[in-house]
Amino acid sequence: MILPLHQAIRVRLRAVLGELYGLDAETLPEIAVQSPPNRALGDLGTPLAFELARRLRKAPRSIAAEVVAALGPVEGVARAEAAPNGYVNLFLAREPFVRRALAGGSEPPAESAARAKVIVEHTAINPNKAAHIGHLRNSAMGDTLARTLRFLGVPVEVQNYIDDTGVQVADVVVGFQQLEGASTADVAARAAEPGFDYYCWDLYARVAEWYGADADRLAFRARALHEIEGEGNPTAEIGRVVAARIVRCHLATMSRLNVDYDLLCWEGDILRLEFWARAFEVLKQAGAVHLQSGGPQAGCWVMPLAEDGGGETEARAKIIVRSNGTVTYVGKDIAYQFWKFGVLEQDFHYRPHDGQRSGRPLWSTTSTPPAEGADASAPTGPEPPPPPFGRAGAVYNVIDTRQSYLQQLLKDALAAIDRPDAAERSVHVSYEMVALSHATARLLGYEADPGERRPFVEVSGRKGLGVKADDLIDRVTAAARHEVASRHDDLDDAEADRIAAIIAVAAVRYFMIKFSRGKLIVFDIEEALSFEGESGPYLQYAAVRATNILRKLEARDGLDDAALAAALADLPGAPLDDPQAGELWGLVLEASRLDEMADQAVRAVELSVLAKYAFSLARAFHTFYHRCPVIAEERREVRLWRAAGVLYVLQQLTRALDLMGCEVPPRM
RNA sequence: GCGCCCGUAGCUCAGCUGGAUAGAGCGUCGGCCUCCGGAGCCGAAGGCCACAGGUUCGAAUCCUGUCGGGCGCGCCA
């Protein structure tokens, strides 16, 4: 991994600047270490001479020359060069670099339990219908972020917020009651059957249409919404049945994509445990909210909007508690966010939820404490106590860009209660929506709106318009299955299915991650089914090719990973410095940058960085594959070093894929 | 009206805390299976980085303005 080397170089350069010019390390800006555009220029380079030119009243070129002359030995660096234009370029010691890379290849990432825990909240799909492609973008980003943070040694807690008491669930309940005359038992029976999430998808669309036909019917929604927050009434019971079942459907869908969670947070529990009451106290004590005495907002508790500046702040304050005393959505969200940062001295109760395919234990919040002794009688023995949830040092909320205003209010609220640290570390991971191409919308049977001028069609749950996540995965899997079968006629059905599933996951997840988050994705089914070019399967194919080389090497020469390592131990490194070895060296160097890219992805909160890097590494490998044969190479030293490079690339590519929740299939 | 996001090749997009010659994929055209599997590789054509100023040794990147597009801004959730 190259990041520690960057750091060592920075430290040395800072010392050199101190020795040469008496510059204080404190007053120096962070020294940029970057990759030169062309490997011939160097393996790493820094433009520090440019920044110092004015301060030192010297030409960059001479500063660079002086720095290079004074640099002295740096661990891992073979030599330095001052480029004529002023760059300081570094050439790494290749042999030790490759040896260290291979040795560290199997090491687990540096654990640092001392670092503050980070909460990543993602998915948060309304539990009233099947998940669609828009939700996949959220989950793919959130899961990749969580995996990347863990890779960097940060303790992570993944939460999935379940809005079980919102309008969307209420609407489906109204559908069951008013359109189907269903009882709680009827709904429970239907929920136990397969395809409940698809059934509710259609029902939800029907309810929306039903409301549209007669505005008076919206009264049913208002009543259901009220009842659903309570307990012991049929509406609440049906709501519970629906939400519980749909959440299981969502978890099953996400599990297909290797997405998992630590905790399900139910909005109903936040209400029943009255988190808001405590949050309200905190806000009032800090003077963050006040009661509006006059004007249109008279009788409401409001929070002044930050940075309003003008004299109209009073009129434009954000209402947190309505004049009738009920709390708004914003208030509930503030309470939840406060809990995440440990601001409320209050906690949920917890119960274990179903197991996850990944094996990661999943917990669920509840409103009631576990019954005494009940667990001890269970066949599995007493339940382990829940881990300490909440109280995070930083929070990432993965929610689409339309929630920006609300997310800003959460930061404002934290700042208003004098928790600027929490406000600062309250990060909105915003992203644009996923829309449908006209061609795909047409394929779904959607009649194009003649007034539609935009080049895409917005997904709409109310209209029932959208590509369901499971349908997408099914279609991509079928396409992958077809491809696999056409390439291998010796695979049995189970194996072919397994490989197709692995490929489909990569295709879908890579597609959701490769665009930067501010970009609207216009989803086109044909494009998604293409496994050529910049796609998940392209990355997997590179890894499979690497695996094949190593497998053949083992079959022919009996050289497995351990034997290869042993053979390298007493192998001269000279072939690496051969000018012809440039291809191999460039590949290894590129492969070593995974930690640099993971770090950058987190700092910029831009997961596409990771996707682009993995793609470029795969591309570099494919090129190498064509130019530099391994098996057929006759010179033993060259062959072994190439094999070492292939092994390292495979390790790094596998890790990069893992960060995106993708696996390497055994064949493809 | 205010706020956020977007504008780079025919299309879809990368371009890192400003840095060396603006890069990919798709599409088009032309090559490559006697060679570790062609879901691949190599090459060609294709760019006033929306526009105009500014800051800087240096701007696709930062600042201001203009134009075009998207999304928010409720005693809804």
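Quick note on labels: first sequence line is chain A, next is B, and so on, each numbered from 1. Just so it is clear, the values below take in all heavy atoms, side chains as well, and ignore hydrogens, waters and symmetry mates.
For A/Arg454, taking side-chain heavy atoms from C-beta onward, the closest of the listed nucleotides B/rA77, B/rC13, B/rG70 is B/rG70. Listed nucleotides: B/rG40, B/rA77, B/rC36. Nearest to the side chain of A/Tyr625: B/rC36. Of the candidates B/rC71, B/rA20, B/rC36, B/rC36 carries the atom nearest the A/Pro629 side chain, counting heavy atoms from C-beta on. Taking only side-chain atoms of A/Lys552, from C-beta outward, the nucleotide of B/rC36, B/rC41, B/rA77 with the closest atom is B/rC36. The side chain of A/Ile319 sits closest to B/rC75 out of B/rC41, B/rC75, B/rG40. Comparing B/rA24, B/rA14, B/rC42 by their closest approach to the side chain of A/Lys612 singles out B/rA14. Listed candidates were B/rG25, B/rA39, B/rC75. Nearest to the side chain of A/Ile503 is B/rA39. When the nucleotides B/rG25, B/rA77, B/rA20 are ranked by their closest atom to the side chain of A/Asn89, B/rA20 comes out on top. Across B/rC36, B/rC75, B/rA14, the shortest atom-to-atom separation from the side chain of A/Cys300 is found for B/rC75. The side chain of A/Lys318 sits closest to B/rG74 out of B/rG70, B/rG74, B/rA20.
In a base pair of the Watson-Crick type (N1 to N3 plus N6-O4 or O6-N4) or a G-U wobble (N1-O2 and O6-N3), with each distance short of 3.5 Å, B/rC49 is matched with no nucleotide. With a cut-off of 3.5 Å on both pairing distances, B/rC76 has no Watson-Crick or G-U wobble partner at all. Under the Watson-Crick and G-U wobble criteria, each requiring two contacts below 3.5 Å, nucleotide B/rA14 is left unpaired. Within the shown strands, nothing qualifies as a pairing partner of B/rU61 under the Watson-Crick or G-U definition with both distances less than 3.5 Å. Searching all strands for a Watson-Crick or G-U wobble partner of B/rA44 with both distances below 3.5 Å returns B/rU28. With a 3.5 Å ceiling on both atom-pair distances, the Watson-Crick or G-U wobble partner of B/rC71 is B/rG3. Base pairing of B/rC36: no nucleotide in any strand meets the Watson-Crick or G-U wobble criterion (both distances under 3.5 Å).
For the OP1/OP2 pair of B/rA39 and a distance below 4.0 Å, the side-chain nitrogens and oxygens of A/Tyr541 include at least one atom meeting the criterion. A/Arg322 has a side-chain polar atom (N or O) that falls below the 4.0 Å cut-off from OP1 or OP2 of B/rA77. Applying the 4.0 Å criterion to OP1 and OP2 of B/rG7, one finds that A/Lys519 has a side-chain N or O inside that range. Dashed line: the shortest gap from a side-chain N or O of A/Tyr538 to OP1 or OP2 of B/rC41 is under 4.0 Å. Checking the phosphate oxygens (OP1, OP2) of B/rC42, a side-chain nitrogen or oxygen of A/Thr623 falls inside 4.0 Å.
Remark: the separation of the P atoms in B/rU28 and B/rC73 is 43 Å, to the nearest Å. Comparing the same atom, P, in B/rA22 and in B/rA60 gives a spacing of 9 Å after rounding to whole Å. Taking atom P on both B/rG40 and B/rG27, the two are 10 Å apart, rounded to the nearest angstrom. For the C1' atoms, the distance from B/rG23 to B/rG46 is 13 Å, rounded to whole Å. Using P as the reference atom, B/rU64 and B/rG18 are 16 Å apart when rounded to the nearest Å. With C1' as the reference atom, B/rG15 and B/rA9 are 14 Å apart, rounded to whole Å.
Residue A/Asp333 places no side-chain atom within donor-acceptor reach of the base of B/rA77, judged by atom type and a 3.5 Å distance cut-off alone. Residue A/Arg487 places a side-chain atom within donor-acceptor reach of the base of B/rA39, judged by atom type and a 3.5 Å distance cut-off alone. In this model, no side-chain donor or acceptor of A/Thr401 finds a partner on the base of B/rC5 within 3.5 Å.
Mapping A/Phe50 and A/Glu432 onto RNA chain B by nearest heavy atom places A/Phe50 closer to the 5' end of the strand.
For the atom pair CG (A/Leu90) and OG1 (A/Thr46), the distance works out to 8.0 Å, reported to the nearest 0.5 Å. Between atom CZ of residue A/Arg639 and atom CD of residue A/Glu634 there is a gap of 9.0 Å, rounded to the nearest 0.5 Å.
For B/rC33, the O4'-C1' to base torsion is within 90° of 0; the nucleotide is therefore syn.
A/Pro36 approaches A/Leu41 most closely through the heavy-atom pair CB-CB, 4.1 Å.
Of the residues listed (A/Phe275, A/Tyr161, A/Trp276), the one engaging A/Tyr336 in a ring pair (Phe, Tyr, Trp, His ring centres under 6.0 Å) is A/Tyr161, and it is the only one.
Within the 4.5 Å cutoff, no side-chain heavy atoms of A/Leu44 are placed close to those of A/Phe91.
A cation-pi contact links A/Arg545 to A/Tyr625, judged by a cut-off of 6.0 Å to the six-membered ring centre and 45° from its axis.
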